[in-house]
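This structure is a prediction, so every number in the text was calculated from the model and none was measured. One is the number of the first residue; the rest follow in order along the sequence.
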Amino acid sequence: MAIFATEQDIYIRQGDTGNVVFTGLPKDKSYLVYQSVYNPETNKIIKEIQATQFDQTTGEALFLYDETLSNSLRVGEWEYGLKICASDGSEDTVLPETQIVDGAIVNSPAPKFTVDYKYVEGE
């Protein structure tokens, strides 16, 4: 497994598999949770995936990265975002975080998503 999460940043090698769990999400509704890999230079979403599961009792979302997904990601230094969507039509981007501080909107830096080259083909 060569998928690692440190603080908020994620590192993956093409062709590898693994899981990433996001914690601390709101528990007030049964959400669909989405993660996008984002190119900040072009302001475009490279790939978007839906969480394999969301546990409303714990506020945890599980994302499974299979071989097909990791192979489809372009090598590079990207960013990622996380959004929660409810059946009532509400959608909220939770990463990167945006807050109002002393009456001013403050955008936190987006977390990094690094995709590295495949080194071994395997089966």
Side-chain angles (χ1 to χ4, degrees):
M1 174 185 93
I3 182 167
F4 302 100
T6 58
E7 293 294 314
Q8 289 187 337
D9 296 338
I10 295 173
Y11 170 92
I12 189 168
R13 280 197 185 279
Q14 289 177 325
D16 285 359
T17 63
N19 300 318
V20 173
V21 176
F22 289 92
T23 60
L25 298 173
K27 302 183 272 185
D28 59 325
K29 298 176 185 172
S30 179
Y31 290 103
L32 296 176
V33 185
Y34 296 90
Q35 180 189 24
S36 71
V37 179
Y38 183 80
N39 183 339
E41 291 178 10
T42 62
N43 294 319
K44 301 246 185 232
I45 294 171
I46 297 170
K47 179 72 79 174
E48 186 166 274
I49 61 172
Q50 184 177 344
T52 307
Q53 76 181 58
F54 172 70
D55 186 334
Q56 188 176 353
T57 61
T58 63
E60 293 182 348
L62 170 70
F63 286 85
L64 170 65
Y65 295 83
D66 62 15
E67 181 184 10
T68 301
L69 174 62
S70 66
N71 274 329
S72 73
L73 297 170
R74 293 186 297 156
V75 170
E77 292 283 333
W78 314 113
E79 296 176 348
Y80 75 89
L82 197 69
K83 180 179 263 193
I84 55 174
C85 301
S87 60
D88 64 4
S90 65
E91 298 187 13
D92 294 297
T93 300
V94 293
L95 286 176
E97 187 177 29
T98 300
Q99 299 177 355
I100 296 180
V101 178
D102 297 327
I105 295 175
V106 177
N107 291 309
S108 297
K112 286 193 246 175
F113 192 101
T114 302
V115 180
D116 207 350
Y117 289 100
K118 180 189 296 191
Y119 273 44
V120 178
E121 189 62 48
E123 287 189 38

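In this structure, NZ on K47 lies 3.0 Å from OG on S72, to the nearest 0.5 angstrom. Rounded to the nearest 0.5 Å, atoms CD1 (I3) and OG1 (T17) are 8.5 Å apart. To the nearest 0.5 angstrom, Y34 atom OH is 12.0 Å from I84 atom CD1. Summarising the geometry, atom OG1 belonging to T58 is positioned 3.5 Å from atom CG belonging to D55; distances are rounded to the nearest 0.5 Å. Taken from CH2 in W78 to CG in N39, the straight-line distance is 4.5 Å, to the nearest 0.5 Å. We find the CD-CG distance between E97 and N107 to be 10.0 Å, quoted to the nearest 0.5 Å.
Under the 4.5 Å side-chain contact rule for hydrophobic residues, L95 and L32 do not share a cluster. Linking Ile, Leu, Val, Met, Phe, Trp and Tyr residues whenever their side-chain heavy atoms come within less than 4.5 Å places V75 and V120 in a single cluster. Hydrophobic clustering (side-chain heavy atoms under 4.5 Å, transitive across Ile, Leu, Val, Met, Phe, Trp, Tyr) keeps Y38 apart from F22.
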For this session: List the steps and the verdict of side chain to side chain contact (heavy atoms under 4.5 Å, CB included) for D116 and I12.
Result: CA-CA 6 Å; D116 207 350; I12 189 168; over 6 Å; no
For this session: Check the pair L25 / V94 against side chain to side chain contact (heavy atoms under 4.5 Å, CB included), numbers first and verdict last.
Result: CA-CA 8 Å; L25 298 173; V94 293; 4.0 Å; yes
For this session: Could you give me the CA-CA distance, side-chain angles and deciding distance for T23 and E60, then say whether side chain to side chain donor-acceptor pair (under 3.5 Å) is met?
Result: CA-CA 4 Å; T23 60; E60 293 182 348; 5.7 Å; no
For this session: Could you go through the side chain to side chain contact (heavy atoms under 4.5 Å, CB included) check for V37 and I45 one step at a time?
Result: CA-CA 6 Å; V37 179; I45 294 171; over 6 Å; no
For this session: Could you check D88 against S90 for side chain to side chain donor-acceptor pair (under 3.5 Å), going step by step and ending with a plain yes or no?
Result: CA-CA 6 Å; D88 64 4; S90 65; 2.8 Å; yes
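With respect to the salt-bridge test (charged N to carboxylate O, under 4.0 angstrom), the residues E91 and K83 qualify.
The shortest non-hydrogen separation linking Q50 to F63 is C-CE2, 3.6 Å. For the residue pair Y119 and Y117, the shortest heavy atom distance occurs at CD1-O, 3.3 Å. Contact record, E67 with G15: CG-O, 3.5 Å, taken as the closest heavy-atom pair. P96 approaches S108 most closely through the heavy-atom pair CB-O, 3.6 Å. Smallest separation of non-hydrogen atoms from A86 and K29: CB-CD, 3.7 Å.
Between D16 and Y65, the closest side-chain pair of non-hydrogen atoms is not below 4.5 Å. Between E79 and K112 there is no side-chain heavy-atom pair separated by less than 4.5 Å. Here the side chains of V33 and L82 are in contact, with some heavy-atom distance below 4.5 Å. Inter-residue side-chain proximity for Q35 and I10 is flagged as met; some heavy-atom pair is nearer than 4.5 Å.
Residues satisfying the salt bridge (Lys or Arg N to Asp or Glu O under 4.0 Å) criterion with K27, sequence neighbours excluded, are absent altogether.
D9 and Y80 form no side-chain donor-acceptor contact under 3.5 Å, judged by distance and modelled atom types alone.
Sparse packing is recorded around CG of D102, with 12 or fewer heavy atoms of other residues, nucleotides or ligands lying under 6.0 Å away.
With Q14 as the fixed residue, the side-chain contact (heavy atoms from CB on, under 4.5 Å) test singles out one of V115, L73, L69: V115.
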